[in-house]
Protein chains: 2
Amino acid sequence: MDLLRLKSFLVLAESLHFGRAAARLGVAQPHLSRRIRELEAEIGVRLFARTQRRVELTAAGATLRLRAIRILDEVEKAKVEARQIGTGSAGRLRIGFIHSSTYGVLPAIIRSFRAMRPAVMLDLVEMTMIEQVRALRAGDIDIGLLRSLPDVPDIAFETVLREPFRLAVPADHAFAGRAAVALPELSGEPLVLFPRETSPLFHARITAAFERAAVTPVIVQEATQIHTVMGLVAAGIGLALVPSSAERLPRAGAVLIALTDPPEPADVSVAWRAASRPLLVTPFLEAAHAAAVGLDAAGTPAKVLTRPAPRKQRS
Amino acid sequence: MDLLRLKSFLVLAESLHFGRAAARLGVAQPHLSRRIRELEAEIGVRLFARTQRRVELTAAGATLRLRAIRILDEVEKAKVEARQIGTGSAGRLRIGFIHSSTYGVLPAIIRSFRAMRPAVMLDLVEMTMIEQVRALRAGDIDIGLLRSLPDVPDIAFETVLREPFRLAVPADHAFAGRAAVALPELSGEPLVLFPRETSPLFHARITAAFERAAVTPVIVQEATQIHTVMGLVAAGIGLALVPSSAERLPRAGAVLIALTDPPEPADVSVAWRAASRPLLVTPFLEAAHAAAVGLDAAGTPAKVLTRPAPRKQRS
DNA sequence: TGGATTGATACGGATTTAGTATCATCAGTC
DNA sequence: GACTGATGATACTAAATCCGTATCAATCCA
């Protein structure tokens, strides 16, 4: 069975005229006769009833016609789809992301990327950084969205956003009305901190800043996820240094304040397997950078210190 | 795009090894390389990532593989289906039938035919004989099941069953206990008869028999359908001559009795367009003959006169 | 009855396809 | 670190297939 034969059959089934069908196919009439005869021989069934004056479909031909339309259509679609996936305008992109990007940069990146490549399906899976590296190596995800990594040879990454740290204080705290606070002022204040094991980057940046400021922090509680930290702050357990994306996390009872001497910003990076950079990494990086600019413009400054924007606070 | 290329692609996608795939396809390895290259050129996308040591599918290749499996499967199914329809082992058969066959031979024929050709779909439409002839000519039905026709040149038919006439009498009639009755005994009895216009065969056979017996029937009522006639008999309106298939029509208050000098039997025939005898006519005739024999064996004798079999009578 | 139309057949030339020999590259090994 | 074996790509020749022209047989229409 040959698609050319099938196509010829279909054209003849439409026009029911060997001469005209052959013309539409761009071949000579005798050759169309041959193709149809070969198709009939292969199937072992007469597809057209030729009365030497009129050509009509047999019952077998009529059902084959319906099938043939479908098959040729699917072949065409398969070709187009493969081409689109090959050129990156369609397909599937499996993305691992850390939890804290959920209310920060991730939605903006997704929005931006979908606008660029509407035909690409995104599979989003929340993972820790460690899990992302493992999944990238195993080929389970194509792209990781994570905080910057220690140098790993087989994983490439590019930073798309630098998030400044802010001071989170309970709404009824003395600092709550202040425009900015300096780290030395936190001396003696109870603090909530990210643990070294599960949040190495946050932990390192924050403790380094306290060292620079010559402050010995009083750690009263540890918590891994930003929303937990914010909850503890709101409950009055202590103050905390959190990345600015915490602003997007509605939480009654806590406010964010700028720092005059903040830690080195925490970056959000896009990672992929260095060996086989997926085609869609480039557009994804574009989308991520665009999203980062948008976030800045929307009042989440990445570098400049400003008065914290007013926040909606929901229960 | 060529199914051979697609098949080659699929085999290579399974084995991921040019040499082995080529062997499975029965071609030399260089030629498989060519086919794949051509397929990739046509689609404009690399389908395999060749690392000179290992071959693996690209993302485009992976989705094309799924599509290709489906397409090749559908092509195969289309071929098989067309072949089956062409040889009559599958397909659709549109049958027109007269009402009176419903409780006579039709169910038996259907049962027999479905056992023979389980893959053939039957479209059953009740029609009068006139409508059947029209539908056969228009190509709306393939087969008609009807009483014998006056010779019509473009419709061919074959008789599959000859139904003897019986005398239907009310259950409380003097004849009710008799084994057989002769037509002259009906002289003066009120009779229900099929009208000439709508039931020409029954009318002709019955009036001819009365003429032979030199009896002038007293017609008190006409009715077209056998179940109506039986109803009128049960109601005591009169007696009637009905084809023996009326036995299969449960009807309280009426019994059937053999006739010693019955009219010529009424035949049930299968008709088709003489110009293009559908393939399935032959098996349908076989099924019909088999069903007719079964009916005889089951106590509906076509020729011999016997005591009428006991009947279930439901309201 | 003759002309026109339609599909089938025959045959020679052109294109495509298949097979053989060979090469380049890389992984694993001693 | 050179060698060996394996793998896919390339080049070239032979065979098969495909395609177009010429022609025929049968039917319809005037």
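Keep in mind the model is a prediction, meaning the values are calculated, not measured. Quick note on labels: first sequence line is chain A, next is B, and so on, each numbered from 1. All values below come from the heavy atoms of this structure, side chains included, with hydrogens, waters and symmetry mates left out.
- Within the structure, every side-chain polar atom (N or O) of A/Ser33 is placed at least 4.0 Å from both OP1 and OP2 of C/dG7.
- At the phosphate of C/dT5, neither OP1 nor OP2 sits under 4.0 Å from any side-chain N or O atom of A/Arg54.
- Atom-to-atom, CD of A/Gln29 to C1' of C/dA10 comes out at 13 Å; the value is rounded to the nearest Å.
- Look at B/Arg50 and you'll find a side-chain N or O under 4.0 angstrom from OP1 or OP2 of D/dA9.
- Using a 4.0 Å cut-off between charged nitrogen and carboxylate oxygen, B/Arg5 and B/Glu38 count as a salt-bridge pair.
- Distance, A/Arg46 CZ to C/dA8 C1': 11 Å, rounded to whole Å.
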Query - Worked check of salt bridge (charged side-chain N to carboxylate O under 4.0 Å, His left out) between A/Glu163 and A/Arg147 - result: CA-CA 10 Å; A/Glu163 273 193 276; A/Arg147 304 283 174 186; 2.8 Å; yes
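- Here the rule is ring pair (Phe, Tyr, Trp, His ring centres under 6.0 Å) with B/Phe284, and of B/Phe113, B/Phe97, B/Phe157 only B/Phe113 fits it.
- An OP1 or OP2 oxygen of D/dT10 is reached within less than 4.0 angstrom by a side-chain nitrogen or oxygen of B/Arg37.
- Distance CD (B/Glu40) to P (D/dG8): 13 Å, rounded to an integer number of Å.
- Looking at B/Arg35 and B/Phe9, their side chains never come closer than 4.5 Å, going by heavy atoms from C-beta outward.
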Which pairs, protein N/O on one side and nucleotides 14-20 of chain D N/O on the other, fall under 3.5 Å?
{"unit_1": "D/dC19", "atom_1": "OP2", "unit_2": "A/His31", "atom_2": "NE2", "d": "2.2"}
{"unit_1": "D/dC19", "atom_1": "OP2", "unit_2": "A/Arg35", "atom_2": "NH2", "d": "3.3"}
{"unit_1": "D/dG20", "atom_1": "OP2", "unit_2": "A/Ala28", "atom_2": "N", "d": "3.0"}

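- Rounded to whole Å, the distance from CG on B/Leu32 to P on D/dT7 is 14 Å.
- Just one of B/Arg277, B/Arg92, B/Arg94 meets the salt bridge (charged side-chain N to carboxylate O under 4.0 Å, His left out) condition when paired with B/Asp142; it is B/Arg94.
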Requested in this report: Apply salt bridge (charged side-chain N to carboxylate O under 4.0 Å, His left out) to the pair A/Arg162 and A/Glu264, showing each step before the final yes or no.
Outcome: CA-CA 9 Å; A/Arg162 292 168 59 82; A/Glu264 185 83 0; 3.5 Å; yes
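- Applying the 6.0 Å contact sphere to CD1 of A/Ile130 captures no more than 12 heavy atoms from other residues, nucleotides or ligands.
- Near DNA chain C, meaning a heavy atom under 4.0 Å away, there are no residues from residues 9-21 of chain B.
- The one candidate from A/Ile36, A/Leu39, A/Leu57 that meets the side chain to side chain contact (heavy atoms under 4.5 Å, CB included) condition with A/Leu47 is A/Leu39.
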